[in-house]
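Along the sequence shown, residues are numbered consecutively beginning with 1.
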Amino acid sequence: MAKKNIPYDQKYYDPEIECMPRPELEDLQLGRLKTMLQYAYDNTVWYKRSFDNAGVKPSDLNTLEDLAKFPFCDKKTERETQHVGSFFGEMCSVPEEEVIFMATSSGSTGVPTVSPFTQEDFDLWQDTEARLFWQAGMRPNDRYVHGLNFALYVGGPDVIGAQRLGALAIWVGAVPSDRLIFVLQHYQPTVIWTSPSYAWTLGQKIKEKGLDPKKDFSIKTIIVAGEPGGSIKSTRESIEELWGADVRDFFGLSDIYGACAAMCEVKDGLHIVEDQILVETVDPNTGEVLEPGSTGELTYTTLCKKARPMIRFRSGDIGYVSTEKCECGRTHARIHVTGRKDEMFIVGAVNVFPSDVEYVVRGEEGVTGEYLIRVYDENYSTRYEVSVERAWASSESYESIAARVEAALKAHTGVRPAKVHVFETGELGTESEHKASRFIDERESAK
């Protein structure tokens, strides 16, 4: 697909799609969903078998609500069917000769899953990425540094979306901090994409070199993804203050592609590309479909992807969906991801997510913002401890910091941690060049 020639001051990349009235948008979704169900049934071994076993057929869908009749799939489905019968397995809908790109999941929750793309899938993906980049404020006169891993990661090729928009794309990838700082100094890019934890870490490393992220660099927009921090107000504002830049959260899934949803200037959730992805919220335990605005497990159905359709894919993400028109003028629903189903822990009958802890720690004075959560069983109950770092050059006692953080966690989550540990700056060991791991689950149920 060729680059679109859009006036720089045009607010929307594709106003007809982005601002489509919801009745029209839902009609578009219904037509595409009918086509996709039939396509999946006719071309995919697993969907034909699962539909038949569930006693449903594509013609049973007459409304969007009828999608609830159809079976779910999830990561377990992918793992059990990949490489069965063919290289890409029973969920792939095309012969391998038609696949031009593959990504894989990180494997953080099990065996990595492979995601195939046809040329049509790939082109649609990158045009969608260009749309989301435009939504984040990127324009053809921007210099863009792509600071994401290129090695099998689904976010790697998204640099092509910046090129399609017309920006100068600098393919940096996952490099050591010193190398990335050199690039930012010498090429003075205006936009960068990385993880929220690394955006924070990188800014701190720049300050350690005696430089000012605000004055010595030209970054005006930081796109973040891969962790919840970009949608946590305290984390986002801390990064914005550090860099003097606008932070926008993006969301993608290797199971679909790296351009599923993104934050607009209102920063109230992430607009999902509803012309291509249908989102449901279901009860994590029963699978019952919940009303928009209810918190549950976010479940996605692709409306256009040909290589491997995903129909009612249970993502494991817990959140809710807003369907009312956004202040930005876009009509596409916004997803609000609050945590991961497999990282939620219950203390004293209260559901707690790592994002709750991050919200508190990032907003507290006198700490670096780094944290580590340890969850464990004790006396037949679940307990949690939090470790933080004292801010550099702070003279406040460890006891005082621990007491403040403990009280703030109790106020925000409703349950007090068993203990708050305080370390000196850099001693916690959670800083990461990319995606940080801050959750240790020692419960018997997690083994």
Ion pair present between [X] and [Y], side-chain N to carboxylate O less than 4.0 angstrom?
X	Y	value
Arg362	Glu237	no
Arg308	Asp121	no
Glu26	Arg22	yes
Arg49	Asp52	no
Lys233	Asp268	no
Lys76	Asp74	no
Asp317	Arg340	yes
Glu274	Arg334	no
Arg404	Glu365	no

Closest approach of [X] and [Y], non-hydrogen atoms and distance?
X	Y	result
Pro309	Tyr47	O-OH, 2.8 Å
His271	Cys328	NE2-SG, 3.5 Å
Ile232	Glu358	CD1-CD, 3.7 Å
Ala261	Ile335	CB-CD1, 4.0 Å

- Message: Once you measure the plane-to-plane angle for Phe101 and Phe117, does it fall in the parallel (<30°), tilted (30-60°) or perpendicular (>60°) bin?
- Response: tilted
Check whether NZ of the Lys or CZ of the Arg [X] lies under 6.0 Å from the centre of the six-membered ring of [Y] and within 45 degrees of that ring's axis.
X	Y	result
Lys306	Tyr39	yes
Arg131	Tyr13	no
Arg312	Phe72	yes

- Compute whether any side-chain donor of one residue and acceptor of the other, for Ser322 and His336, lie under 3.5 angstrom apart. yes
- Task: List the steps and the verdict of side-chain contact (heavy atoms from CB on, under 4.5 Å) for Val172 and Leu180.
- Result: CA-CA 7 Å; Val172 175; Leu180 181 52; 4.0 Å; yes
- Residues that His146 engages under side chain to side chain donor-acceptor pair (under 3.5 Å), provided they are two or more places apart: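 Expected list: Tyr144.
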- Item | Candidate pair Phe345 and Val415, rule side-chain contact (heavy atoms from CB on, under 4.5 Å), full reasoning | CA-CA 11 Å; Phe345 54 98; Val415 287; over 6 Å; no
- Query: Are Trp171 and Phe150 near enough that their ring centres are under 6.0 Å apart?
  - Reply: yes
- Glu241 atom CD, neighbour heavy-atom count above 12 within 6.0 Å: no
- Item | Side-chain heavy-atom pair Ile222, Ile239 within 4.5 angstrom cut-off | yes
